[in-house]
Structures are given as structure tokens and as C-alpha cells.
There are 2 protein chains.
Amino acid sequence: MKKNSVSPIPLNPTPLKNTSSADTKASGRGGARPGAGRPAGQGQYGEPTKPVRLPVSMIDEVMDYVATGGRQSLPLFSCAVAAGFPSPADDHLEGSLDLNDYLVKHPAATFFVRVSGDSMIKAGIHENDILVVDRSLEPRHGKVIIAALDGQLTVKRLHHKSGKTMLMPENDRYAPIVVSDEASMVIWGVVTNVIHSV
Amino acid sequence: MKKNSVSPIPLNPTPLKNTSSADTKASGRGGARPGAGRPAGQGQYGEPTKPVRLPVSMIDEVMDYVATGGRQSLPLFSCAVAAGFPSPADDHLEGSLDLNDYLVKHPAATFFVRVSGDSMIKAGIHENDILVVDRSLEPRHGKVIIAALDGQLTVKRLHHKSGKTMLMPENDRYAPIVVSDEASMVIWGVVTNVIHSV
DNA sequence: ACTTTTGAATAAAGTACAATATTCTAATAT
DNA sequence: ATATTAGAATATTGTACTTTATTCAAAAGT
């Protein structure tokens with residue numbers, strides 16, 4: 001929690017020279033007193049800090065990350081029917097969610113694909129949607145997959161039926177594609193989520 | 001780039017005691033030679049590091065962040081027709097994308113809502129989808145919004161027509177809701193994206 | 001000649017320290 | 001009595017230094 005954002009610019013670090021008369025013999029002012037001193041929690045972050053070693057290439061990025069409050073874990077509500085009376089927000093709160101955590105289970109094996117065409121409209125996949133694709137999942141029968149076919153990427157539902165492999169669109173205006181030569185098709189990954197703009 | 005992930009556990013930090021006979025007079029072994037010493041770039045990160053001060057509450061999180069390679073900016077491909085011949089991945093590469101950046105424009109004003117019901121099915125909003133909602137956008141006519149009505153959250157398209165406010169479902173099996181008393185309805189925010197599991 | 005041992009060399013990693021910033025109040029001035 | 005100022009107190013912050021880890025090759029052993 002950031003209590004205040006005091007910039008580390010010195011307000012007036014060098015004490016002003018004594019007003020007028022000369023020899024200011026350093027007489028004792030101030031004195032021992034409890035409660036003096038800079039109060040805790042007044043730093044940049046409003047809490048204690050510790051030095052940590054980081055790879056130089058990531059320091060800027062990490063500083064950004066910290067400045068923006070770390071993980072973007074935002075609250076998740078639900079539409080479910082509330083307890084019975086007009087309710088405050090808490091009644092709907094399900095918890096909090098970080099999009100990357102939720103959508104990207106295998107970061108090293110995940111990529112995105114922007115959709116063109118409407119051949120999978122019945123699967124809730126629209127033109128310009130972004131698909132979250134996981135390479136590490138096995139492309140089983142019935143999964144929606146991304147395949148490279150004739151040098152083009154396509155989204156289809158994978159069907160294995162009586163030894164034949166087919167790519168099924170989910171739009172009545174399109175016909176299934178029978179994959180005659182499996183070697184000509186490369187499956188890039190399994191679609192796990194669709195991101196659609198309203 | 002992580003060259004190797006050497007754990008910082010000492011392999012054998014304390015040199016074994018001299019094998020047998022006593023007084024090993026420290027005779028000079030080794031000696032000055034160029035090229036000796038631990039090679040650079042063999043550390044945990046494969047690059048130089050610097051100590052940086054971080055708030056204690058975020059150190060663990062930041063270490064995770066760094067360990068997972070920082071921002072989850074993953075490649076974005078497109079389905080567009082390729083140049084003409086069976087193409088390598090690069091032909092489809094549009095760039096890279098970070099989900100939080102892409103979906104959350106106003107972190108402080110954004111939250112998620114899990115959908116129940118199918119009243120907005122024609123807008124591509126299905127049961128159990130997660131909606132990205134931005135409180136900071138103005139709920140204009142025609143926008144899909146989240147509203148609290150009778151203590152329940154609902155997703156509907158907002159309509160202002162001849163001074164009347166209506167909440168329009170996008171499913172023929174539901175009827176529009178006329179908002180007679182505006183005070184009883186609170187608009188929580190504008191839906192910007194839908195996240196759908198396939 | 002080949003293998004093993006051992007200390008030198010040097011980068012990495014963690015921590016202690018010095019310098020800085022900020023606040024409080026007694027002492028001084030008005 | 002009230003306002004101002006200087007110094008004490010103490011947290012923060014950056015970095016220097018110590019400790020640890022790792023590799024190289026000379027010396028010793030086989």
C-alpha cells in the first residue's frame with residue numbers, strides 16, 4: 001500500500017546561513033528527546049525495503065512493475081442471484097483474478113492468434129477475436145485447434161473418425177476439411193480461450 | 001535470457017580434509033595465469049546483476065516475476081492468408097501481446113464479472129464467460145454494461161430512447177427491461193471484452 | 001603420460017555501512 | 001507569548017565490501 005508519494009527531491013537540505021550577527025558559537029540546541037526522528041513508513045513505498053539483486057536488463061521493468069502495484073490481480077464478481085436484499089458489492093465478490101495466471105497455464109508454450117473469418121462462429125469464435133493457444137496440450141478429438149494447412153493458419157475442431165482426420169468448422173456455410181495427407185498439416189496447438197471485444 | 005538454472009546450493013563448499021599424512025606445508029601450487037576465474041555470465045540469470053531496494057511485501061512476487069521472465073508478452077499470430085507458399089511461423093507473426101496491457105487499460109477502474117445466464121448470447125456472451133469491465137468508461141447508448149438491479153448484477157445493452165432507459169438482452173427468449181426508476185439501477189461499468197473458454 | 005589435487009583468479013550474491021532525508025523539539029530570537 | 005532555527009533522532013537509500021561459488025591450470029601423484 002502506497003501511503004504517500006514523496007519525491008526524493010531535497011526540500012531544503014542545506015540549512016540557511018545564520019541570519020545576521022557573527023560568531024554563532026555552536027551552543028547546544030535541541031537535545032535528547034523521545035519520539036524524534038524520521039517516522040517509519042515514510043519512504044517511497046510506505047514500508048520497509050530490502051536490497052535485492054536483479055539482472056540489470058530487468059531492473060527498469062521491475063521498477064515499473066513495483067510502481068504499478070505488482071500483479072494486476074483485479075476483483076472478480078459474479079452475476080449470481082444475491083442473498084435476498086439489495087446488496088453491496090461484497091455479496092457478488094468471488095475473489096480476485098490475474099489474467100495471465102488465468103489464461104496462460106504454460107507460458108513457454110502459449111501464444112495468441114488473431115482470428116479472421118467466421119468459420120467457427122458457433123463455437124463463440126468471431127472475426128478479430130484473439131485466441132489463447134497452448135502448444136503443450138495434446139490435440140485430441142473434439143478439441144478446437146490451430147493448424148497450418150497450405151501455408152495458412154486455420155481454427156477448426158479436430159475430428160478423428162474411423163481412422164480419418166477431419167477439421168470441422170462450426171458454421172453451416174462451411175464444409176468439413178478432410179485431411180488426406182497428414183504430413184501437409186501441422187497442428188500448432190489447442191485453443192483454450194477466446195477473447196472477444198464487444 | 002536464462003542460460004542455465006544453477007541452484008545456489010553449495011556443491012562442496014568446504015574443501016575435503018587433506019587425505020592422509022600430516023604437515024602439508026603450503027607449497028605453492030597453481031600460480032598466476034590469465035583466463036582463470038569464474039567466467040562471467042554464469043550466474044543465476046546469465047548476466048550481471050545489481051542490488052536494488054524493494055518493499056519487503058513485494059520481494060517474493062518480484063522474484064517470481066523475474067524467474068518467469070518478466071512480463072508475459074507472448075507472440076501474437078494472425079490467421080491471415082500467407083504470402084503464397086507454405087510459410088514458416090514468421091509469416092504470421094503480428095507482434096507480441098501482454099494480456100493485461102491489452103485487456104486492462106485502466107487498472108484502477110477495471111474488474112471482472114463471471115456470467116451466469118444466456119441473455120446476451122447474441123453478443124457473444126455465454127454462460128460462465130468472464131467479462132472485463134471498465135468503470136471509467138461512460139455508459140453510453142448502445143454499450144454493453146453491468147448494472148445492479150434489485151440487488152443482482154446483470155449484463156445488458158444500454159438503450160436510451162426518447163427519454164427512457166432500457167436494458168436490452170440479446171436473446172430472443174428475453175424481453176427488454178424498462179428502467180422506470182433510475183435510482184434503483186446502478187451501472188457498475190462498461191464491458192470491454194469477453195473471455196470465453198472453448 | 002595421464003589423472004587427481006589444490007590454490008589462484010574472478011564473478012555472483014548477500015549484507016553492512018555510510019550518506020541522505022525527514023521530523024521533532026529545545027533553545028533562541030522577536 | 002509566539003515564531004524561528006539548529007541540532008538530535010531515526011528511517012531510508014544507494015553502494016562498497018565481504019563472503020560464496022565456480023573455473024582454470026600448475027603441481028603432485030600414479
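Below, chain A is the first sequence line, B the second, and so on; all start at residue 1. Computed from a predicted structure; not experimentally measured.
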Interatomic distance, R38(B) CZ vs dC24(D) C1' [rounded to whole Å]:
14 Å
Nearest-angstrom distance from the residue atom CD1 of I59(B) to P of dT13(D):
13 Å
If we ignore angles and hydrogens, is there a donor and acceptor under 3.5 Å between the side chains of S119(B) and E170(B)?
no
What nucleotide among dC24(D), dT13(D), dT15(C) has an atom nearest to a side-chain atom of P51(A)?
dT15(C)
May I have the distance from Y45(A) (atom OH) to dT13(D) (atom P), rounded to whole angstrom?
7 Å
Distance flag, aromatic centroids of H196(A) and H196(B), threshold under 6.0 Å:
no
With distance as the sole test, does R53(B) use its side chain to make a donor-acceptor pair with the main-chain N or O of T49(A) at under 3.5 Å?
yes
Of all the nucleotides listed (dG14(D), dA11(C), dA11(D)), which has the minimum atom distance to the side chain of A40(A)?
dA11(D)
Proximity of F77(B) and F111(A) rings by center, below 6.0 Å
yes
Determine: side-chain N/O of Q44(B) to OP1/OP2 of dA12(C), distance under 4.0 Å, yes or no.
no
Mind calculating the distance between NZ (K50(A)) and P (dT15(C)) to the nearest angstrom?
6 Å
Send over the distance from R53(A) CZ to dT18(D) C1', rounded to a whole Å.
12 Å
